[in-house]
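Written below as structure tokens is the structure these notes are about.
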Protein chains: 2
Amino acid sequence: MNEETFSSYSFLLDRTARRVKQYAQQRFKELGFNITVDQWIVLKHLYEHKELKQNELAELLFKDNPTLTRIIDLLCNKGLTVRNTHPEDRRSFMVSLTRNGVKKVEQLSPKVKDIRLKAWEGLSTRDFNQFKKILNTIYQNLG
Amino acid sequence: MNEETFSSYSFLLDRTARRVKQYAQQRFKELGFNITVDQWIVLKHLYEHKELKQNELAELLFKDNPTLTRIIDLLCNKGLTVRNTHPEDRRSFMVSLTRNGVKKVEQLSPKVKDIRLKAWEGLSTRDFNQFKKILNTIYQNLG
DNA sequence: CACGAATTATTAGTATACTAACAATTATAC
DNA sequence: GTATAATTGTTAGTATACTAATAATTCGTG
């Protein structure tokens, strides 16, 4: 295999990541979830951590602050999250789920899991571990 | 491994794909390439195929028509590509590289290859084949 | 304490991704 | 052959990703 072939990983990676997001987004729409895939990821993490600074959320999700600001704006407009003032740092907000936000996560979680698993048909646990190892290696190589 | 863990592939995939693009984009900037990663992919494919309808290009790259329209607009503004009328179908354009576009691809190709290979440090040909197999399986599962 | 440096979130600007709608053209059906 | 359907590319609108710049606040060092 020459290096040219080798470097085609980036094309496959980009293509696949786009299709995964696109597939999930279409299913979200068909099922009337009324949120985007990225908004879902934010909701899910807030559910698991109760309350987070936008900062911490950005780090967890590997997204930048401006992107987070906008996603949270949208989620607040939908009544799924709230920004509360931070008790000790007036620069920060503590973001958390509203009661509706909690309900949303609990309702959608099993459905999202099914949507995600669709991609994995015909692949094994061993494949999963390999895949994870390679993705993490690439991620760290570029860090 | 439970299914919840299993479905985390999508997060890793998205995260890694973003970092790969981000890394390349930063290097492009540092080295003064003056194009984006996606613009590069279009140039590269045009170099290999001489002349393509936007349609065909979109299919090759797995991008949609509006996205292609805008990328080609930008490349034409930079003097790297041209739209020529299709001899038999007045709806279509034949897109091809200008002389400057050809020069650009030839100058940047080896540099881009090096940038791409950085991600692959510490990984083997066997890893590459595994990775490719898994990405393609996922892609097809969602197709 | 005071001043400069660092941090937090936001805004603005550009690029890409996707959907929907549209105009022009071509293909198809009857 | 003409009406309808399909195709090609574009435009518009929303969402995300990234950079750069900014305002408000906090930290750190003297």
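So you know, we letter chains A, B, ... as the sequences are listed, proteins then strands, and number each from 1.
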Mind checking if B/I71 touches a base, just sugar-phosphate, or nothing, with heavy atoms under 4.0 Å? sugar-phosphate
Would you check if the distance from the ring center of A/Y47 to the ring center of A/W40 is below 6.0 Å? no
Among C/dA17, C/dT10, D/dC18, which nucleotide sits nearest the side chain of A/T67? D/dC18
Between B/K63 and C/dA17, does any side-chain N or O lie under 4.0 Å from OP1 or OP2? yes
Length of the CD1-P vector between B/I35 and C/dA15, whole Å: 13 Å
Counting side-chain heavy atoms from CB outward, which of C/dT8, C/dA12, C/dC18 is closest to A/P66? C/dA12
Give a yes/no on whether any side-chain N or O of A/Q54 is located under 4.0 angstrom from OP1 or OP2 of C/dT10. yes
Value in whole Å for how far the C1' atom of D/dC18 lies from CG of B/D14: 14 Å
Counting only side-chain nitrogens and oxygens, does B/S92 get under 4.0 Å of the OP1 or OP2 atom of D/dG9? yes
Taking only the side-chain nitrogens and oxygens of A/Q22, find out if one of them lies under 4.0 Å from OP1 or OP2 of C/dC18. yes
Taking only the side-chain heavy atoms of A/D89 (C-beta and beyond), determine which of C/dT10, D/dT25, D/dT11 contains the nearest atom. D/dT25
How many whole angstroms separate atom CG of B/N77 from atom C1' of C/dT14? 13 Å
Step-by-step salt bridge (charged side-chain N to carboxylate O under 4.0 Å, His left out) determination, A/E30 to A/R27: CA-CA 5 Å; A/E30 284 165 20; A/R27 302 287 294 136; 2.5 Å; yes
Hey, does B/Q26 reach any base, or is it just sugar-phosphate, or nothing, if we go heavy atoms under 4.0 Å? sugar-phosphate
Just distance, no hydrogens or angles: give the donor-acceptor pairs under 3.5 Å from side chains in residues 86-96 of chain A, sequence neighbours left out.
from	atom 1	to	atom 2	distance (Å)
A/H86	ND1	A/E88	N	3.0
A/H86	ND1	A/D89	N	3.1
A/D89	OD1	A/R91	N	2.9
A/D89	OD1	A/R91	NE	3.1
A/D89	OD2	A/R91	NE	3.4
A/D89	OD2	A/R91	NH2	2.8

Is B/R83 touching bases, backbone alone, or none of the nucleic acid, heavy atoms closer than 4.0 Å? sugar-phosphate
Between C1' of D/dA17 and CZ of B/R18, the distance in whole Å: 8 Å
Taking atom types as they are modelled, would you say the side chain of A/R91 forms a donor-acceptor pair with the base of C/dT7 within the 3.5 Å cutoff? yes
Looking at B/Q25, does any N or O in its side chain come under 4.0 Å of the phosphate oxygens OP1/OP2 on D/dA17? no
Are any of B/T36's side-chain N or O atoms less than 4.0 Å away from OP1 or OP2 of C/dT14? no
Whole-Å gap separating P (C/dA12) and CG (A/D64): 17 Å
For A/L75 and D/dT16, what is the distance between atoms CG and P respectively, to the nearest whole Å? 8 Å
When you check the phosphate oxygens OP1 and OP2 of D/dT8, does a side-chain N or O of B/N65 lie under 4.0 Å from one of them? no
By salt bridge (Lys or Arg N to Asp or Glu O under 4.0 Å), A/E121 pairs with (sequence neighbours left out) A/K118
When you match A/V37 and B/K29 each to their closest nucleotide on DNA chain D, which lands nearer the 5' end? A/V37
Over how many whole Å does the gap from B/H86 atom NE2 to C/dT25 atom C1' extend? 13 Å
What about A/R70: does its side chain form a donor-acceptor pair under 3.5 Å with the base of C/dA12? yes
Rounded to whole Å, please give me the gap between CZ in A/R15 and P in C/dC18. 13 Å
Nearest heavy-atom contact between A/K63 and A/I71 is CD-CD1, 4.3 Å
Kindly give the heavy-atom pair with the smallest separation between B/F33 and B/K104, and that separation in Å. O-NZ, 2.7 Å
Using a heavy-atom cut-off of under 4.0 Å over every strand shown, decide if A/L68 touches base, sugar-phosphate, or nothing. nothing
Using OP1 and OP2 only, check whether a side-chain N or O of A/K53 sits under 4.0 Å from C/dT8. yes
